[in-house]
Amino acid sequence: MDNSSIFISWMILGLLLTLGNVAPQAEAARAFFVFGDSLVDNGNNNYLATTARADAYPYGIDYPTHRATGRFSNGLNIPDLISEQIGSEPTLPYLSPELTGQKLLVGANFASAGIGILNDTGFQFVNIIRISKQLEYFQQYQQRVSALIGPEQTQRLVNQALILMTLGGNDFVNNYYLVPFSARSRQFALPDYVVYIISEYRKILVRLHGLGARRVLVTGTGPLGCVPAELAQHSRAGECAVELQRAAALFNPQLVQMLNGLNRELGSDTFIAANAYDMHMDWISNPQAYGFVTSKVACCGQGPYNGIGLCTMASNLCPNRDIYAFWDPFHPSERANRLIVRQIATGSTKYMNPMNLSTIMELDSRV
C-alpha cells in the first residue's frame, strides 16, 4: 500500500471514530430531574440515617437486579418508567457516589421518602431531604455540570429538561392526619390548610422556575383514603377513608387552578398537571378490568388489608405482584405504576392538563 492510500485509510478511520463519539450525543435523550417523596425516590434515603427507607428485601424483588434499591416498589417506579418513555436510562439518586462525569448529563433524582410541601411534614423520619434542600441540591448539581460542559450548555440542558414533581400526600398522611389533634389540625380547619399548602407549593414551583425549569410534570395526590394503610385504620368494609378522600378532593382542583395561574403569568405551558387521583381511581374502583385481583389488599404487609406497619422480611408476601394494585401499604406495584405512566404519556385532558407527555415531546422536538 502506498503512502497516499495509508493516509486516506487513516483519514477514514479518524472520521469514523469522530462520528462514533458525536452520534450518541446527537441522539441523547433530554435530561430528566425528579423532586418529591417516596413515590418517586430512587434511593436517596439509603444514604441517610432515617427510618423512611426501602433498602431491604422484599423491596426490589422484581427489579432487574432482584435487589432492594431504595425504591418503594417491588420493581420499577414512576420515574424509571418515564425515563423509558423519553428513551433515557434511569436517573441516579443525587446522593449516589456513582452520579459523576457523563452520568450527570442524564439528570438526577433528588426525591426523598417522607417529605412534603411543608418543612414540618415527616418530622418523625428525622433525617430526610426537605424540598428546600432538594432545590439547593439542584443548584449544586448545576454548578457541578457547569464545571463539566460550561455554564451556557448547562443552562440549555436544564431549560430543555423534563422535570417531575410529586408532593402533597405526606402533608396530609404524615402531618395533618398523622395523629388526632395534630399541631396543624389545631392550627387550621382542613379547607384553610389546603389553601395554605397550595400557597406554599406555589413558592416552591416559582423557585424551581427560577432555577431554569421549563417543563414540569406536577402530580396531584392519589386517592389518599383508599390505600391499604388507611383501609386498615379507618375502614370497616373496604370503603375508602372519608376524611382523607375529602382532603384529596379539596387539594387536587386547587393545585390545577394554581398551575394554570402560574402558566398564565409565565406566558407558557411550563407546569403540566397530572391527575393522579383519577389515574388511581380507574383501577381502584374496578381492579378486575385492569387485571388485578384486588386494589384493597397490599402484596406485602401484615394485619387487615396487609396495611399495618412496613413491608419487611417478616411480612406476608404475595407470589404474583402483577395481580396486586398495591405493593405495600402506601405504594402502587410496578404494574400499577405502568398504568399511571401510560396515562401520563398518552392520556386525555381528563388525566393531563393541558397536554400529555407525548404531546410535550412532539412539541419540544420542533424547537
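None of the values given here were measured: they were computed from a predicted structure.
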field: Beyond-backbone contact of V34 with M165, side-chain heavy atoms, under 4.5 angstrom
entry: no

message: Could you check whether any side-chain heavy atom of Y177 comes within less than 4.5 Å of a side-chain heavy atom of L244, counting everything from C-beta outward?
response: yes

query: Which pair of heavy atoms, one from Q288 and one from V293, lies closest together, and at what distance?
result: NE2-O, 3.3 Å

Chi angles and distances behind the side-chain contact (heavy atoms from CB on, under 4.5 Å) call for I163, L208: CA-CA 10 Å; I163 294 174; L208 184 62; 4.1 Å; yes

- request: Check L135 against L211 and note the closest heavy-atom contact, atom names and distance.
  value: O-CD1, 3.7 Å

message: T69 vs R71, test: side chain to side chain donor-acceptor pair (under 3.5 Å). Steps then yes/no.
response: CA-CA 5 Å; T69 60; R71 291 163 171 82; 3.1 Å; yes

Salt bridge (charged side-chain N to carboxylate O under 4.0 Å, His left out) partners of residues 286-300, not counting sequence neighbours, each pair once: none

field: Contact check, side chains of D37 and D41, non-hydrogen atoms, under 4.5 Å
entry: no

- request: Could you give me the CA-CA distance, side-chain angles and deciding distance for C299 and C318, then say whether disulfide (SG to SG under 2.5 Å) is met?
  value: CA-CA 5 Å; C299 168; C318 69; 2.1 Å; yes

task: Please check if the side chain of N306 supplies one atom and the backbone of C300 the other of a donor-acceptor pair under 3.5 Å.
output: no

- prompt: Are L76 and F72 connected in a single hydrophobic cluster, I mean Ile/Leu/Val/Met/Phe/Trp/Tyr linked by side-chain heavy atoms less than 4.5 Å apart?
  reply: no

query: Think R335 forms a cation-pi with F292, using NZ or CZ under 6.0 Å from the six-ring centre and within 45 degrees of its axis?
result: yes

Interatomic spacing from OH in Y47 to CZ in R53 - rounded to 0.5 Å: 10.5 Å

query: Looking at W327 versus Y59, is the centre-to-centre ring distance below 6.0 Å?
result: yes

task: Give the C-alpha distance, both sets of side-chain angles, the deciding distance and a yes or no for side-chain contact (heavy atoms from CB on, under 4.5 Å) between S88 and R30.
output: CA-CA 8 Å; S88 178; R30 70 200 297 178; over 6 Å; no

message: Does any part of the side chain of N77, heavy atoms only, come nearer than 4.5 Å to the side chain of D80, both counted from C-beta?
response: yes

query: Is there a donor-acceptor pair under 3.5 Å between the side chain of N275 and the backbone N or O of Y351?
result: no

message: Quick check: do L92 and N42 have side-chain heavy atoms less than 4.5 Å from each other?
response: no

task: Check L118, L167, N175 against I197 for a side-chain contact (heavy atoms from CB on, under 4.5 Å) and give me the one that passes.
output: L118

Q160 versus D364, side-chain donor and acceptor atoms under 3.5 Å: no

Residue pair S73 / N337: nearest heavy atoms and the distance that separates them: OG-ND2, 4.3 Å

Derivation and outcome, side chain to side chain donor-acceptor pair (under 3.5 Å), residues R207 and Q139: CA-CA 11 Å; R207 171 112 195 271; Q139 253 181 312; 3.1 Å; yes

- prompt: Is there a donor-acceptor pair closer than 3.5 Å between any side-chain N or O of D55 and the backbone N or O of N46?
  reply: no

- prompt: Any side-chain heavy atom of I340 within less than 4.5 Å of one from I78?
  reply: yes

- line: Closest heavy-atom pair, T121 versus I128, reported as atoms and distance to 0.1 Å, is O-CD1, 4.3 Å

- request: Any chance you could lay out the ring pair (Phe, Tyr, Trp, His ring centres under 6.0 Å) test for F138 and F33, step after step, and finish with the verdict?
  value: CA-CA 9 Å; F138 188 37; F33 301 104; 5.0 Å; yes

query: What residues join L310 in its hydrophobic cluster, counting side-chain heavy atom gaps under 4.5 Å, either direct or through other members?
result: none

query: What's the spacing between I344 CD1 and S358 OG if we round to 0.5 Å?
result: 11.0 Å

statement: One should read off an interatomic distance between T349 OG1 and N356 CG, to the nearest 0.5 angstrom, of 9.5 Å

message: So, using salt bridge (charged side-chain N to carboxylate O under 4.0 Å, His left out) as the criterion, who are the partners of R338 when residues are at least two apart?
response: E84, E334

Ring-ring centroid check Y305 F326, cutoff 6.0 Å: no

message: Test salt bridge (charged side-chain N to carboxylate O under 4.0 Å, His left out) on E265 and R202; report intermediate values, then the result.
response: CA-CA 12 Å; E265 279 180 35; R202 190 181 188 282; 2.6 Å; yes

message: Run the side chain to side chain donor-acceptor pair (under 3.5 Å) test on S112 and N44 for me, step by step, so that the C-alpha distance in whole Å, both residues' side-chain angles and the decisive distance to 0.1 Å come before the verdict.
response: CA-CA 6 Å; S112 177; N44 279 308; over 6 Å; no

statement: Output for pair (I360 CD1, I86 CD1), nearest 0.5 Å, gives 10.5 Å

message: On a heavy-atom basis, which atom in S295 and which in I284 lie closest, and how many Å separate them?
response: OG-O, 2.9 Å

query: How about S38 and H331: do any of their side-chain heavy atoms sit closer than 4.5 Å?
result: yes

message: Q187 vs Y176, test: side chain to side chain donor-acceptor pair (under 3.5 Å). Steps then yes/no.
response: CA-CA 10 Å; Q187 183 185 8; Y176 194 85; over 6 Å; no

query: Is a side-chain donor or acceptor of T154 paired with a backbone partner of G150 at a separation under 3.5 angstrom?
result: yes

Which donor-acceptor pairs under 3.5 Å do side chains of residues 216-233 form with protein atoms, sequence neighbours excluded?
from	atom 1	to	atom 2	distance (Å)
T219	OG1	T166	OG1	3.0
T221	OG1	N252	ND2	3.3
E230	OE1	H234	NE2	3.3

message: Does the Lys NZ or Arg CZ of K133 fall within the cation-pi geometry relative to Y137 - under 6.0 Å from the ring centre and within 45° of the axis?
response: yes

task: Mark yes when over 12 heavy atoms from residues, nucleotides or ligands other than R342 sit less than 6.0 Å from its CZ; otherwise mark no.
output: no

- request: Assess whether atom CZ of R67 is packed by more than 12 heavy atoms of other residues, nucleotides or ligands within 6.0 Å.
  value: no

message: Would you say Y277 and Q245 are linked by a side-chain donor-acceptor pair, where the criterion is simply a distance under 3.5 Å?
response: yes

task: Give the ring-plane orientation class for F110 versus Y141, where under 30° counts as parallel, over 60° as perpendicular and anything between as tilted.
output: perpendicular

Test: R184 and D120 ion pair at under 4.0 Å: yes

- request: List for me each residue that meets side chain to side chain donor-acceptor pair (under 3.5 Å) alongside Q155, sequence neighbours excluded, and say none if there are none.
  value: none

task: Taking ring pair (Phe, Tyr, Trp, His ring centres under 6.0 Å) as the test, write out the residues that go with Y196, two or more places apart.
output: F188

query: Quick one: CD on Q134 to CG on N109, what's the gap to the nearest 0.5 Å?
result: 8.0 Å

message: How close do E98 and K103 get, counting heavy atoms only, and between which atoms?
response: O-CD, 3.6 Å

message: For L262 and M258: C-alpha separation, side-chain torsions, deciding distance, then whether side-chain contact (heavy atoms from CB on, under 4.5 Å) applies.
response: CA-CA 6 Å; L262 264 178; M258 180 264 282; 3.9 Å; yes

query: Taking atom CG of L104 and atom OG1 of T91, what is their separation to the nearest 0.5 Å?
result: 12.0 Å

- request: Measure the shortest side-chain to side-chain distance between T346 and M352 over non-hydrogen atoms and say whether it is less than 4.5 angstrom.
  value: no

